[in-house]
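The chains referred to below are lettered A, B, ... by the order of the sequence lines, with proteins before strands, and numbering in each begins at 1.
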Protein chains: 2
Amino acid sequence: MPGPYKWRHRFQGYVCRWTLPREAILDLLSRTSKHMSAKEIYATLYSMYPGIGLTTVYRTLDLLVRSGMINRLSFGDGQNRYEFRSGKKEEHHQHLICTKCGRIIDCSDLFTEQLELLKKAEDVLTKKYNFTVLDHNIEFYGLCEKCKKS
Amino acid sequence: MPGPYKWRHRFQGYVCRWTLPREAILDLLSRTSKHMSAKEIYATLYSMYPGIGLTTVYRTLDLLVRSGMINRLSFGDGQNRYEFRSGKKEEHHQHLICTKCGRIIDCSDLFTEQLELLKKAEDVLTKKYNFTVLDHNIEFYGLCEKCKKS
DNA sequence: AATGTTAATGATAATCATTTTCAATAATAA
DNA sequence: TTATTATTGAAAATGATTATCATTAACATT
């Protein structure tokens with residue numbers, strides 16, 4: 001369990017009480033580069049904090065999503081996954097998903113291309129569909145290094 | 001129920017027996033512009049073909065996904081959705097998803113931008129991650145016309 | 001520091017999408 | 001027409017997520 005209330009200040013106005021489970025879940029997600037499911041988060045925290053309940057994990061994840069601290073991802077494997085959301089607006093990244101082993105790789109190398117797509121998209125979508133873009137998501141499916149070999 | 005076996009020929013080699021449920025499900029998806037869930041497909045077919053079972057719908061959808069006839073989509077609302085896949089490789093489109101009412105709009109207006117992103121992506125991802133891109137997916141989240149007003 | 005209010009928790013049960021099981025059916029080859 | 005076996009559908013099983021509710025604990029007030 002990390003320093004007592006590292007993340008508390010980011011919740012002013014969102015939540016009444018800052019608690020150990022909330023701190024622990026947000027802290028875990030801020031440290032890992034994995035895209036963890038609720039069960040995985042629960043299992044990880046359980047080892048250092050056996051009192052925690054799976055229900056609380058689900059509830060807290062929901063809270064964190066709603067308050068914009070984390071992203072909920074669904075890759076279609078039957079469970080949602082979560083990732084920490086950096087403060088910076090520009091730090092959008094893509095996910096590479098191996099269709100063979102399910103590995104997920106983060107990729108932030110297409111910054112310029114993405115921005116251009118986005119700029120154009122906002123323009124087109126507003127004019128044609130009167131749709132206001134608030135967020136976007138780009139995924140690439142294919143084969144990772146390991147799976148190509150085998 | 002449509003003309004007897006309209007889609008049969010596209011299955012040569014994929015499947016042994018071509019049946020009424022398979023025909024009906026594929027035909028329905030080929031006609032609709034909606035992004036239907038298994039339950040919705042089941043309900044629609046049930047009215048004209050009361051013998052059909054939900055299990056068969058799930059199984060057939062799986063078969064159709066595996067053989068490349070349809071796409072499975074997961075927008076994170078707890079159920080998968082399906083769309084017919086046109087033969088043409090280039091006919092990739094994006095989805096606009098209204099975060100308020102859940103409406104899904106198809107959009108094919110970003111053809112050039114998408115191609116350029118993709119071209120660059122394949123290059124970068126191969127070099128940096130040794131990842132082979134087979135497919136991609138782009139989604140825009142925001143507010144649709146109706147939801148902006150209310 | 002002690003107290004009271006009530007938000008937050010966690011165990012359990014419920015829900016909902018999807019999968020598995022298995023006996024019955026029907027598509028196709030012989 | 002018959003035999004083979006892929007396919008079907010009902011029912012049960014699974015697995016992720018949500019709802020219920022009594023208990024606990026955060027924190028504002030004393």
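Atom CG in A:Leu73 sits about 17 Å away from atom P in D:dA16, given to the nearest Å. A:Leu63 has its CG atom 13 Å from the C1' atom of C:dT9, to the nearest Å. With rounding to whole Å, A:Leu45 atom CG is found 13 Å from C:dT9 atom P. Regarding A:Tyr42, its OH atom lies at a distance of 15 Å from the C1' atom of D:dG15, rounded to whole Å. In this structure, B:Asp77 atom CG and D:dT17 atom P are separated by 13 Å, rounded to whole Å. At whole-Å resolution of the value, CG in B:Leu20 and C1' in D:dT7 are 13 Å apart. Separating the OH atom of A:Tyr46 from the P atom of C:dG10 is a distance of 11 Å, rounded to the nearest angstrom.
Between B:Thr56 and D:dG9, a side-chain N or O to OP1/OP2 separation shorter than 4.0 Å is present. OP1 and OP2 of D:dA26 both lie 4.0 Å or more from every side-chain N or O belonging to A:Arg22.
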Next item on the list: Using a 4.0 Å cut-off on protein heavy atoms (strictly under), produce a 5'-to-3' string for nucleotides 14-25 of chain C with B for base contact, S for backbone-only sugar-phosphate contact, and - for none.
Entry: ---SBBBB----
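Classification of the B:Tyr42-B:Tyr46 ring pair by plane angle, with boundaries at 30° and 60°, yields tilted. Below 30°, between 30° and 60°, or above 60°: for A:His95 and A:His35 the angle between ring planes is above 60°, a perpendicular geometry.
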Next item on the list: Starting from the C-alpha separation in whole Å, work towards a yes-or-no answer on salt bridge (charged side-chain N to carboxylate O under 4.0 Å, His left out) for B:Lys120 and A:Asp109.
Entry: CA-CA 10 Å; B:Lys120 188 65 173 289; A:Asp109 305 284; over 6 Å; no
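Here the shortest heavy-atom pairing between B:Val57 and B:Ile25 reads CA-CD1, 3.8 Å. When all heavy atoms are compared, the tightest approach of A:Arg103 to A:Cys144 is NH2-CB, 3.8 Å. Smallest separation of non-hydrogen atoms from A:Ser74 and B:Phe75: OG-C, 4.0 Å.
Between A:Leu64 and A:Leu26, the closest side-chain pair of non-hydrogen atoms falls below 4.5 Å. Annotation: side chain of A:Gln79 is in contact with side chain of A:Arg81 (closest heavy-atom distance under 4.5 Å).
Taking the side chain of B:Arg17 as heavy atoms from C-beta on, and the options C:dT9, C:dA26, C:dT6, the nearest nucleotide is C:dA26.
Taking Ile, Leu, Val, Met, Phe, Trp and Tyr as members and joining any whose side-chain heavy atoms lie under 4.5 Å apart, directly or through other members, the hydrophobic cluster of A:Leu134 also contains B:Leu143.
Taking a pair as Watson-Crick or G-U with both hydrogen-bonding distances under 3.5 Å, the stems of three or more pairs touching DNA chain D are C:1-30 with D:1-30.
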